[in-house]
Every structure is written in C-alpha cells, then in structure tokens.
Amino acid sequence: MTQDPATSNAITLWSAGRSAASDGPAENLPDVTVIIVSYNTRELTLACLDTLLTRGGDVTCEVIVYDNASQDGSAEAIAAAFPQVTLIASKENLGFAKANNIVADMAAAPFLLLLNPDTETYEKAIENLLAFSRAHPEAGIVGGRTYYPDGSLNPSSCWNRITPLSQLFRALNIDSIFPNSPFFNYEAIGGWQRDSVRAVDIVVGCFLMMPKALWDELGGFDLKYFMYGEEADLCHRARKLGYQPMITPEANIMHLVGASSSGRAEKVVLVAKARATLIRDHWARIGVPLGLSLLWLWAFLRFAGSALRNKIKKSSASTPGTWAMVWQHRKDWLKGY
C-alpha cells in the first residue's frame, strides 16, 4: 500500500493543560492517548512519530514515548526532532508491559492507542480506528490491518487463541503446510486477508486501541509478561468480561515486526515462554499438561530436524543454531513467566 503525501491529514497534538493548536482550557481533553514504547529503534521511532503526526487524521492525540533505556541515542533524537511530544527516558529497561502500564496511568484521554515504534501510520489510521472503536463498544479492544514495507499484507495484527488442536498442528508443522486453511492454521486465521470487519480472539499490541476505562478495569497488562503474550492475556481477560475484540480494514499501518528483538533464538524462547504462560493462565487445568507437552514436542521436532540437516550437510558450526539454543533453554520457557 502506497501513501500520497498530498493527502496528508495531520492529527492535532495535545499537551497537558492545552491543545498545541489552541489556547483552550485544560478540560478540552484529547481524544486518544498514543503510547509508544521504544528500545534501540531510533530511526524507526522517528519515522513512526513523523507519520503518526502527519497522517493520523482528524483526531486530537496526546502522544507519549517511553524509551526503555535505549543505547542508540533514541531519547536524545526524539527530544530534538519532536519537542512537542512527551518523552519519558527511563534509566532501565522495564519491558513492554510495565512501560505501557506506567504511561497508561498518566493518560488524559478516554481512549488509549498502543503503537509500536517500528510502525508507520497510513492516512487517517488513527481517526478511522477511533471511529470504529466508538461505533463498536461491545468489542472493547480493536485493531486494524498491517502491512510489510513492500506493501504486502502482514497478517500478524491479530490472532486466534491457542487451542489443543492448533498446538498440535503447530508442533507437527501442519499449519505451515496449509497456511491458507482456517482449520489447520487456526491461530493465524489462515486465508483471511484482514479485509473485512471481523471478531478475533487477540488484537496485537503493535496497533491496539481500547477505552481507558476498560484498561483500568482490567488493571492493564499483567506484569509477569515481560515481552510477548501480554496483549493475548489482556484480550482473554476482556473476553471473560463479555467483550469481543474486533479488527477493521479501514485503519492501516506498516509494521516491520520484531525490531526490538536482538536475535531470532531470543525471540523464539520468549514467545515459547509466553505461550507456556498463556496455556497455564487460560486453559482448563486438566488440559495444561497436554498443552505443555505439545509445546515441548514443537521444540523437539525442530531441534531434531535441524540437527539432522546439519549432520547431512556435515556442518561443523562453532555456535549452536536457533533450535539448539531453544532446546537448551526448554526447562526455562516451559516454566513460563
């Protein structure tokens, strides 16, 4: 999807006490508080803020960036390029969940938008997502459609929950063999192009909007989830209150995915740990051993497969590969958070 700068539609930026565009009183609150948590993504975060402010649409936003002790000069660059944005430069990396909770407590708006720093906003994305959220209070949590930089669909803006069958298909790699099957690739909602309004189990935190009142009722993110799984847990808890998260194709962003992760093995381990935690937290107790066993099987089959390939190729790599590292850490991630 390409963007035409000529159709640029800037948001109105709000700061504590008054709008950046007027001398109105403090009671003129913003429509949305946008929360961006950054970590060593300086250039990406600058692009994120630029596209957010110039393309967000007809909406008043309070924008708060929480920098998680980046070592690449992110905080200094953000402060210099966007002095009108509220910046919190943390001296330690508190993780995605805690940083969002801290900023949400400060939020002035009735709606919160969680936005990843490795995103770029398309025309009227914030305006359209806010309109959708207001029109569907039964959803509670809403999201939009995401694209890769080349304009192709990035389907990871939403997911379905983990089930025993989906975990089995994932362990046996059947979901990858049939990626467009909504049955075999259930969690990724295979075959759906995110081109229609639809109820989903999980809206991903890269582009997630919800009323602040619901966030407060849920208590925000569960801090046990340091990275990955926190939005799934949030959506599960919202569903238990009777809400049904939804996706709209009218709100679009570009999302790189994983820009803050230092390596593939690290990310796989963290995702596995999150999945183990979600199974423990949201499956019936009787099914938890089965879920964890299937998670073990998923890692073992990939480790065994990679070891076999290396043996056939007679590889003598001095450092372990991704799946060897994941397998080595299995006791840790099987325990979950």
Side-chain angles (χ1 to χ4, degrees), residues 1 143-207 228-229 231-233 235-236 239 244-249 252 254-258 261 264-265 267-279 282-284 287-310 312-313 321-324 326-327 330 333-334:
M1 176 177 286
R145 185 164 46 172
T146 56
Y147 293 87
Y148 290 114
D150 64 2
S152 62
L153 178 71
N154 176 349
S156 61
S157 63
C158 57
W159 300 90
N160 275 335
R161 66 189 181 277
I162 306 168
T163 69
L165 199 56
S166 75
Q167 185 76 341
L168 174 64
F169 290 155
R170 186 171 183 263
L172 300 178
N173 209 36
I174 295 174
D175 57 345
S176 296
I177 297 173
F178 301 102
N180 293 319
S181 167
F183 177 71
F184 291 117
N185 197 14
Y186 173 77
E187 289 182 37
I189 322 178
W192 176 45
Q193 295 300 302
R194 279 59 174 166
D195 54 358
S196 59
V197 171
R198 181 165 176 163
V200 297
D201 290 333
I202 301 162
V203 174
V204 174
C206 70
F207 190 44
Y228 303 115
E231 69 269 76
D233 171 74
C235 289
H236 284 322
R239 289 173 58 245
Q244 178 57 68
M246 297 176 72
I247 289 291
T248 174
N252 301 284
M254 184 281 290
H255 184 209
L256 282 175
V257 181
S261 298
R264 183 166 184 259
K267 179 177 179 178
V268 174
V269 166
L270 289 171
V271 170
K273 180 174 283 195
R275 289 178 71 90
T277 308
L278 289 167
I279 288 169
H282 298 288
W283 280 29
V288 170
L290 171 63
L292 296 179
S293 297
L294 289 172
L295 192 59
W296 180 95
L297 179 64
W298 158 81
F300 171 75
L301 291 178
R302 280 151 184 79
F303 164 65
S306 65
L308 180 61
R309 286 191 296 271
N310 288 337
I312 292 173
K313 294 178 180 178
T322 294
W323 291 108
V326 172
W327 185 245
R330 62 191 180 278
W333 52 256
L334 276 170

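Given the structure is predicted, the values throughout are model-derived calculations rather than measurements.
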Residue set satisfying salt bridge (Lys or Arg N to Asp or Glu O under 4.0 Å) with R170, at least two apart, ordered chain then number -> none
To the nearest 0.5 Å, tell me how far F207 CZ sits from I247 CD1. 9.0 Å
side-chain contact (heavy atoms from CB on, under 4.5 Å) for V204 and W159? Distances and angles first, verdict last. CA-CA 8 Å; V204 174; W159 300 90; 3.4 Å; yes
Taking every non-hydrogen atom, the tightest pair across A265 and V326: O-CG2, 4.2 Å
Rounded to the nearest 0.5 Å, what separates atom CD in E231 from atom SG in C158? 11.5 Å
Distance from S293 atom OG to L334 atom CG, nearest 0.5 Å? 8.5 Å
Tell me every residue that passes ring pair (Phe, Tyr, Trp, His ring centres under 6.0 Å) with W323, counting only those two or more places apart in sequence or in another chain. W298
Euclidean distance, N160 CG relative to I202 CD1, rounded to 0.5 Å: 7.5 Å
If you define the side chain from C-beta out and look only at heavy atoms, does anything of V203 sit under 4.5 Å from M246? no
Determine all donor-acceptor pairs shorter than 3.5 Å in which one atom belongs to a side chain in residues 172-179; sequence neighbours excluded.
from	atom 1	to	atom 2	distance (Å)
N173	OD1	S176	OG	3.2
N173	OD1	R302	NH2	3.3

Is the shortest side-chain heavy-atom distance between E187 and F169 below 4.5 Å? no
Determine, step by step, whether M254 and T146 satisfy the side-chain contact (heavy atoms from CB on, under 4.5 Å) criterion, reporting the C-alpha distance in whole Å, the side-chain angles of both residues, the deciding distance to 0.1 Å, and the verdict. CA-CA 5 Å; M254 184 281 290; T146 56; over 6 Å; no
Please evaluate residues L278 and D233 with respect to the criterion side-chain contact (heavy atoms from CB on, under 4.5 Å), reporting the C-alpha separation (whole Å), side-chain torsions for both, the decisive distance (0.1 Å), and the verdict. CA-CA 7 Å; L278 289 167; D233 171 74; 4.0 Å; yes
For F303 and R330, what are the C-alpha separation, side-chain angles and deciding distance, and is it a side-chain contact (heavy atoms from CB on, under 4.5 Å)? CA-CA 11 Å; F303 164 65; R330 62 191 180 278; over 6 Å; no
Tell me which pairs pass salt bridge (Lys or Arg N to Asp or Glu O under 4.0 Å) where either residue lies in residues 193-204, with sequence neighbours left out. R161-D201, D201-R239
Does T248 use its side chain to pair, donor to acceptor, with the backbone of G144 at less than 3.5 Å? no
Measure from the ring center of W327 to the ring center of W296 and say whether it is less than 6.0 Å. yes
So, does W333 use its side chain to make a donor-acceptor pair with the main chain of R275 at under 3.5 Å? no
Pairing residues for P249 by the side chain to side chain contact (heavy atoms under 4.5 Å, CB included) criterion, not counting sequence neighbours: R145, V197
What is the minimum heavy-atom distance between P149 and L256, and which atoms define it? CG-CD2, 3.2 Å
For W192, enumerate each residue passing the ring pair (Phe, Tyr, Trp, His ring centres under 6.0 Å) test, keeping only those at least two apart in sequence or located in another chain. none
Is there a donor-acceptor pair closer than 3.5 Å between any side-chain N or O of S152 and the backbone N or O of Y148? no
To the nearest 0.5 Å, what is the distance between OH (Y186) and OG1 (T163)? 6.5 Å
Rounded to the nearest 0.5 Å, what's the gap from CG on L168 to CZ on F184? Could you check? 10.5 Å
